[in-house]
Amino acid sequence: MKKIAARPDATEPAVPRYLPGDKIAVLLPLPLAGTYDYRVAEAMTLAAGDFITVPLGARKAIGVVWGKAEGGVPEAKLKDVIGRLDCPALPDVSRAFVDWTARYTLSAPGAVLKMVMSVPDALTPPKPVLAYTLNPKPAPFKQTKARERILAILGEGPPRPAAELAREAGTGTGVVKGLVDAGALIPVNRPARAPGPEPDWRLPGPDLSTDQKKAARLMQTAVGEGVFSVTLLDGVPGSGKTEVYFQAVASALEQGGQVLVLLPEIALGAQWLGRFKDRFGAAPGQWHSDLTAAQRRHTWRAVAEGHTKVVVGARSALFLPFADLRLIVVDEEHDASFKQEDGVIYNARDMAVVRAQLGAIPIVLASATPSLETVLNAQSGRYRIEHLPDRHAGAALPEIATIDMRAEEMPSQCWVSPTLQAALAATFTNGEQAMLFLNRRGYAPLTLCRTCGHRMQCPNCTAWLVEHRRGGRLQCHHCGFGAPPPKQCPECEKEGSFAACGPGVERLAEEVAVLFPDARTVIAASDTLAGPKAAADLVRRIEDHDVDLIIGTQVVAKGYHFPLLTLVGAVDADLGLAGGDLRAAERTHQLLYQVAGRAGRAGRAGRVLLQTYMPEHPVMKALKEGSRDGFLKAEAESRRAAMMPPFGRLAAVIVSGPDEAAVDAIARMLGRAAPTGDGITVLGPAPAPMALLRGNHRRRLLLKTAKTTNLQAVLREWLARVQPPRKVRVQADVDPYSFL
Ligand code: ADP
Ligand code: ZN
């Protein structure tokens with residue numbers, strides 16, 4: 001049953017109209033402070049949300065009618081709106097969302113609008129394509145074999161463009177033209193892109209287990225209520241979270257609404273898309289960085305017009321102009337990649353909750369390792385929670401053990417311990433698959449000169465150059481700088497003196513090739529899996545058992561389901577614990593738990609071995625003992641004691657620029673102007689851990705407040721006290737995730 005009473009767009013008064021002469025505020029997709037005033041031109045009626053063209057200096061710009069003009073611009077200076085674009089108006093909810101996001105992140109509303117208007121081409125309707133169809137009453141004309149083929153094709157199918165017809169008939173376009181000239185074919189306009197089939201909610205899903213059914217029912221109820229609610233779907237890996245939220249998707253589709261599913265990295269979507277298609281009979285709309293301009297244009301427009309019902313995408317999909325969004329799902333809600341770190345700095349998971357609230361719709365957060373923030377929100381009753389404690393079809397959770405590396409005999413330049421080697425051997429003998437997890441791309445993370453100790457560093461960043469032996473280059477993972485390894489040391493000029501330090505996945509593959517020459521090994525890292533197609537290919541090879549061993553970084557840590565994979569070895573489980581990151585322990589726990597969840601997903605028992613030098617560390621103990629909730633509790637206690645998020649609030653201020661002295665000067669000024677008050681602390685300025693990034697010097701300050709403080713107000717007032725020169729950038733990062 002469609003419940004409309006609770007939906008704001010149905011209860012709000014009609015959208016205000018603006019008539020000729022009315023003064024309106026227009027938001028432009030530019031990083032400007034606010035809206036600009038314009039006047040509605042003769043014979044023009046506009047409504048809030050309309051996309052319009054306006055004069056801006058000497059040029060024309062596209063903007064959105066934001067509301068009534070604030071006033072202040074003298075009548076004589078007001079310029080007329082040029083015209084209205086043929087595009088659905090930006091809905092109220094989307095506009096409110098732009099304003100909200102801008103306020104929360106301290107960004108210019110225009111910068112947020114720019115994310116909404118990411119495909120300016122989509123603001124005009126697609127041009128129809130010229131196609132040809134049979135003339136029902138043709139005059140007599142000469143027949144040839146090629147002409148007959150074309151007529152036959154059109155006799156069976158819809159109108160087609162000349163080039164397509166010629167291709168199908170295996171002839172030239174001249175033959176088509178000849179038929180047109182002879183009056184046998186007539187031109188018709190066809191939409192640029194025929195709408196594809198939409199997902200069908202009527203198709204039956206799998207039979208759900210009792211727990212799954214209960215969770216699905218709760219979510220379907222939430223969709224039916226049509227009011228804002230947040231549901232945490234907390235289930236162990238392989239428990240069927242995806243199947244369960246698919247039921248909620250079906251309910252939203254049944255209502256005729258749209259659905260947005262956010263996934264962390266679209267490379268993970270290969271299997272997901274296949275499952276969606278199996279469940280709903282058609283692919284969803286997709287939104288990620290790997291689309292062509294034409295695909296973007298089509299999807300943006302189809303979403304705005306309400307034709308595309310389901311969109312699966314990376315974080316930026318949140319800013320699509322949904323005509324009638326009824327459900328949001330954030331899968332792997334804890335994932336750090338939902339945090340956008342440049343431009344408008346926002347966390348898509350958090351903003352998705354806001355979007356749901358503004359739209360008065362339900363949102364589902366799914367994870368096997370929900371973030372501390374989300375867990376506490378569930379415990380306090382702000383979020384509903386559904387548990388799926390068991391793997392589907394009785395598959396057992398893998399047994400997790402640590403390997404104490406202090407007790408293992410490790411020859412130098414080797415990283416796979418004898419214990420892990422034995423486990424790998426047993427796995428291969430059983431005809432099963434294994435995964436070695438090492439969150440480091442390339443061959444070696446550091447290259448140094450054996451003679452003088454010189455370390456190869458990026459000229460633009462505070463970072464070592466990572467050797468990628470397959471590509472024959474030293475590379476910076478931060479700015480993209482790359483160079484072939486030099487023949488001699490740039491410091492002492494000694495030749496052939498370089499040594500690779502530490503392992504990356506490439507080097508690990510080398511070690512394994514010596515240990516297990518017969519094992520068929522693949523490396524799965526973001527640089528070896530460029531794009532969804534490569535990922536889909538790899539998934540198929542693993543599913544077909546063309547691969548015995550996967551050596552992977554975090555790109556294979558989550559989401560995947562490989563029935564034959566029974567052993568997961570974390571080569572350096574301690575890797576993420578180094579550094580003073582607020583969430584280092586939480587993130588390491590999540591990552592290792594996710595990786596562990598790849599093992600033994602279908603009937604065969606899974607085993608996970610964590611190589612660690614700190615087997616007593618709370619993260620390792622929690623994993624070993626399977627006490628995720630105990631770990632979260634301890635983590636919450638230590639955050640509470642330090643008044644760190646989510647018990648206090650944080651914002652980072654990053655000062656950067658090419659001129660170090662100027663950056664320092666502004667950072668110091670900010671330090672002197674730091675806010676004071678109850679529960680307010682400012683740390684810094686201090687050089688950022690990445691003190692140099694892409695050629696920019698960086699300093700950091702950290703603002704910490706009590707949970708009840710209006711952090712944005714404090715931050716805004718503070719930043720307004722210092723006017724940086726053009727060459728210095730001051731960026732606010734509210735709720736920082738990266739402390740680099
Ligand atoms: P999660 O998202 O919790 O990791 P999935 O939804 O990926 O779990 O489910 C794991 C596997 O079990 C998938 O292959 C899925 O199709 C299967 N599965 C889960 N629930 C059911 C069910 N009720 N009937 C059939 N297969 C199921
Ligand atoms: Zn660099």
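For ligands, and for the atoms within them, numbers begin at 1 and follow the listed sequence.
- Atoms of the protein (N, O or S only) found under 2.8 Å from the Zn ion (ligand 2) are C458 SG, C461 SG, C476 SG, C479 SG.
- The ligand atoms of ligand 1 that sit less than 4.0 angstrom from a heavy atom of D207 are 22 (C), 23 (N), 24 (N).
- Within the 4.0 Å heavy-atom criterion, the part of Q212 lying near ligand 1 is the side chain and not the backbone.
- Rounded to the nearest 0.5 Å, atoms NE2 (H468) and CZ (R473) are 10.5 Å apart.
- Residue P237 has at least one heavy-atom neighbour below 4.0 Å for each of these atoms of ligand 1: 4 (O).
- A donor-acceptor contact under 3.5 angstrom links the side chains of E332 and Q594, judged on distance only.
- Between the side chains of N460 and R694, no donor-acceptor pair of N or O atoms lies under 3.5 Å.
- Counting non-hydrogen atoms of other residues, nucleotides and ligands closer than 6.0 Å to CZ of R607 gives a total of 12 or fewer.
- Counting heavy-atom neighbours within 6.0 Å of D207 CG, excluding the residue itself, gives a total of 12 or less.
- Taking the six-membered ring for Trp and thresholds of 30 and 60 degrees, H589 and Y593 have nearly parallel ring planes, at less than 30 degrees apart.
- Under the 3.5 Å distance criterion, with hydrogens and angles disregarded, a donor-acceptor pair is assigned to the side chains of T374 and E333.
- Defined by atom type and a distance below 3.5 Å, a donor-acceptor pair is missing between the side-chain atoms of H392 and H561.
- Atoms of ligand 1 found under 4.0 Å from any heavy atom of S239 (numbered from 1 in listed order, with element): 1 (P), 3 (O), 8 (O).
- Using 4.0 Å as the threshold, R275 has a heavy atom nearer than that to some atom of ligand 1.
- Atom numbering of ligand 1 starts at 1 in the shown order; those under 4.0 Å from a heavy atom of V236 are 3 (O).
- Short contacts between ligand 1 and L208, defined as distances under 4.0 Å to a heavy atom of the residue, involve ligand atoms 23 (N).
- If you check the side chains of H477 and Q475, you find no donor sitting under 3.5 Å from an acceptor.
- Among H561, E243, Q271, the residue whose heavy atom lies nearest to atom 11 (C) of ligand 1 is H561.
- Separation of atoms CG (L436) and CD1 (I523) is listed at 11.0 Å; rounding is to 0.5 Å.
- In the vicinity of P206, heavy-atom distances shorter than 4.0 Å reach the ligand 1 atoms 22 (C), 24 (N), 25 (C).
- Here the shortest heavy-atom distance to atom 27 (C) of ligand 1, taken over K213, H392, E332, belongs to H392.
- Screening V259, V330, D331 for a side-chain contact (heavy atoms from CB on, under 4.5 Å) involving Y245 leaves a single residue, D331.
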